[in-house]
Amino acid sequence: IGSTYTVGGTFYRPSGWAFPKCDTTWGTMDATVEWCSPSINVCPGGHDSSFYDTSCYASATPDAPGWEPFELTWEATEASFTVYVPQESYGSETDTYITFGQAENATIPTVLPVSDTTYIDWKSSGYTGTIPTEFGLLTMVTELNVAGNLLS
């Protein structure tokens, strides 16, 4: 928290593709997020499949077809951040991502999500200890992802 980070690289956008290819149909599309192919987004916290609805630290997409370098710099306000690289290929949209950092020695909260929750994704959140028994009350949950934590 409070550290400054930079990520850089080079985009390639083929000149024969419609440009820019941006999808504005995903959720509310927060103004700090670009879902373009290609693009890069850096958002606070762990992986969130609805990152495009949240406020991110930095986002970039190329201005024109061809090779274009990029560099993003941001100051972290949370203990972890996730870099997303949305891409479309032949009509199939994908998000590649990697999460850096995590909270240390945090226990899973015992405050339950709403009763109709069906999916909980707390992957690589830095949790330790055990899963609270209160989670047995969430009868609608069909998937609980806690991979990458130190749970017993």
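The shown structure was predicted, so the numbers you read here are calculated from the model rather than taken from an experiment.
Two rings, from F70 and F11, have their centers less than 6.0 Å apart.
Aromatic ring orientation, F81 versus Y5: tilted (interplanar angle from 30° to 60°).
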Q.
Test side chain to side chain donor-acceptor pair (under 3.5 Å) on Y57 and T77; report intermediate values, then the result.
A. CA-CA 9 Å; Y57 293 131; T77 59; 3.0 Å; yes
Is there a side chain to side chain contact (heavy atoms under 4.5 Å, CB included) between T6 and E71 once you walk through the steps?
CA-CA 7 Å; T6 301; E71 183 174 285; 3.4 Å; yes
Apply the test side chain to side chain contact (heavy atoms under 4.5 Å, CB included) to residues N145 and I120: give CA-CA distance (whole Å), side-chain angles for both, the deciding distance (0.1 Å), then the verdict.
CA-CA 6 Å; N145 186 351; I120 300 172; over 6 Å; no
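Residues I40 and L72 form a side-chain contact, since some pair of their non-hydrogen atoms from C-beta on lies under 4.5 Å apart. Using a 4.5 Å heavy-atom cutoff, the side chains of I131 and L144 are in contact. Counting heavy atoms from C-beta on, the side chains of L151 and T128 never come closer than 4.5 Å.
What you find for C56 and P44 is that their closest heavy atoms are CA-CD, 4.1 Å. Across all their heavy atoms, G46 and S80 have their closest contact at N-OG, 3.7 Å.
Atoms OG and OH, on S59 and Y84 in that order, are 12.0 Å from each other to the nearest 0.5 Å.
Judged by distance alone, the side chain of T4 and the main-chain N or O of E75 form no donor-acceptor pair under 3.5 Å.
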